[in-house]
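In what follows, a single structure is set out as structure tokens and then discussed.
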Amino acid sequence: MTSPSAKTDLHFYLQSARDALLWKLEGLSEYDVRRPLTPTGTNLLGMVKHVASVELGYLGDTFARPSGEPLPWVEADAESNADMWATAEESREQIVGLYHRAWAHADATIEALPLDTVGRVPWWPGHRAEVTLHHAVVRVIADTHRHAGHADILRELIDGAVGMSQGNDSVPPGDAAYWEKHRSRLESVAREAGRNA
């Protein structure tokens, strides 16, 4: 029997990661949500597309609860890394809508099944493909929070906006001058440590 509080706790952390990730798109242009800001092309909208696919896989297909959502970017013949960026034809509304539908589908799986339910991850090797729902939910929470952290950094690079959620930036107060002075100090410390190594 699954404790209702265990599911409530897991859902709270899953939803907070979802919300944080989507919040990073707010107020940005179509260019900025797609903009590759790392050498590997990491971008905000691509991460949303990726985590939507992850939720539908781990909290749907793994437990014989397919969503019916077409995900051509994760098919065997798809281009490598196709789930990590949105094409010009895939609108922000389409990707965010997919993510909301993935939430609803994943939440229905979590609600319907006990946490000790065993599923099979179709893309894992057979000898380790069995996982419990609890394991799958924790994996999705970890993945989503990881990408929400990436998104926080990307958003800061785009326009300087930081924080965990609207009204809770989780950053010490300081204006632009304070942060420039702080960053310069850290650069100086890093250079000194590098010279001393």
Measuring from atom CG of Leu44 to atom CZ of Arg92, what distance do you get when rounded to the nearest 0.5 angstrom? 9.5 Å
Would you sort out whether His145 and Ile141 count as a side chain to side chain contact (heavy atoms under 4.5 Å, CB included), showing the intermediate values? CA-CA 6 Å; His145 272 286; Ile141 291 169; 3.6 Å; yes
Quick one: name the residues clustered hydrophobically with Leu56, using the 4.5 Å side-chain heavy-atom rule over I, L, V, M, F, W, Y, and just say none if it's on its own. Leu71, Trp73, Val74, Leu98
Close side-chain approach of Met47 and Met84, heavy atoms under 4.5 Å: yes
Would you say Leu10 and Ile110 make side-chain contact, with heavy atoms under 4.5 Å? no
Cationic N near anionic O, under 4.0 Å, Arg18 to Glu55: yes
Once you measure the plane-to-plane angle for His100 and Trp103, does it fall in the parallel (<30°), tilted (30-60°) or perpendicular (>60°) bin? perpendicular
Please determine whether residues Val48 and Leu37 belong to a single hydrophobic cluster, defined as Ile, Leu, Val, Met, Phe, Trp and Tyr linked transitively by side-chain heavy-atom distances below 4.5 Å. yes
CZ (Arg35) and OG (Ser29) are apart, to the nearest 0.5 Å, by 8.0 Å
Treating Ile, Leu, Val, Met, Phe, Trp and Tyr as nodes and any side-chain heavy-atom pair under 4.5 angstrom as an edge, say whether Leu154 and Trp179 lie in one connected cluster. no
So which pairs with a foot in residues 78-88 pass salt bridge (Lys or Arg N to Asp or Glu O under 4.0 Å), sequence neighbours left out? none
In this structure, would Leu59 and Phe12 fall into the same cluster of hydrophobic residues linked by side-chain contacts under 4.5 Å? yes
Short side-chain donor-acceptor distance under 3.5 Å, Asp116 and His134: no
Which heavy atom of Val140 sits nearest a heavy atom of Leu14, and at what distance? CG1-CD1, 3.7 Å
For Thr40, give me all partners under side chain to side chain contact (heavy atoms under 4.5 Å, CB included), at least two apart in sequence or on another chain. Thr38, Thr42
For the student: nearest non-hydrogen atoms of Pro36 and Gly41, plus distance: CB-CA, 3.7 Å
Sorted by chain and residue number, the side chain to side chain contact (heavy atoms under 4.5 Å, CB included) partners of Trp124 (sequence neighbours excluded) come out as Tyr58, Val121, Arg128, Ala129, Val131, His135, Arg139
Rounded to the nearest 0.5 Å, what separates atom OH in Tyr99 from atom CD1 in Ile95? 12.5 Å
CD of Glu89 to CD of Gln94: how many Å apart, nearest 0.5 Å? 9.5 Å
Are the charged groups of Asp32 and Lys24 less than 4.0 angstrom apart, N to O? no
Write down the atom of Thr144, the atom of Ala17, and the distance for their closest heavy-atom approach. CG2-CB, 3.5 Å
For a side chain to side chain contact (heavy atoms under 4.5 Å, CB included) check, start with the C-alpha distance between Leu28 and Arg155, then their side-chain angles and the critical distance, and finish with the verdict. CA-CA 9 Å; Leu28 293 179; Arg155 181 64 188 254; 3.6 Å; yes
Between Ala20 and Ala148, which heavy-atom pair has the shortest distance, and what is it? CB-CB, 4.2 Å
Mind listing the closest non-hydrogen atom pair of Val33 and Asn43 along with its distance? O-OD1, 3.9 Å
Counting only pairs under 3.5 Å, give me each side-chain donor-acceptor contact of residues 62-70, with atom names and distances, residues two or more places apart or in other chains.
residue	atom	partner	partner atom	Å
Thr62	OG1	Gly57	O	3.0
Arg65	NE	Thr109	OG1	2.8
Ser67	OG	Glu69	N	3.0
Glu69	OE1	Arg101	NH2	3.3
Glu69	OE2	Arg101	NE	2.5

Applying a strict under-4.5 Å side-chain criterion to I, L, V, M, F, W and Y, I'd like to know whether Tyr13 and Val54 cluster together. yes
Would the distance check show the side chain of Glu90 and the main-chain N or O of Thr87 forming a donor-acceptor pair, the cut-off being under 3.5 Å? yes
For the atom pair NE2 (His50) and CG (Leu21), what is the distance rounded to the nearest 0.5 Å? 10.0 Å
Would you tabulate the side-chain donor-acceptor contacts of residues 186-197 under 3.5 Å, counting partners in other chains and residues two or more places apart, or write 'none'?
residue	atom	partner	partner atom	Å
Glu187	OE2	Arg191	NE	2.9
Glu187	OE2	Arg191	NH2	3.2
Asn196	ND2	Glu192	O	3.3

Group every Ile, Leu, Val, Met, Phe, Trp and Tyr by side-chain heavy-atom contacts under 4.5 Å, then state whether Trp85 and Val96 land in the same group. no
As an exercise, state the distance from CG of Asp175 to CD of Glu180, rounded to the nearest 0.5 Å. 11.5 Å
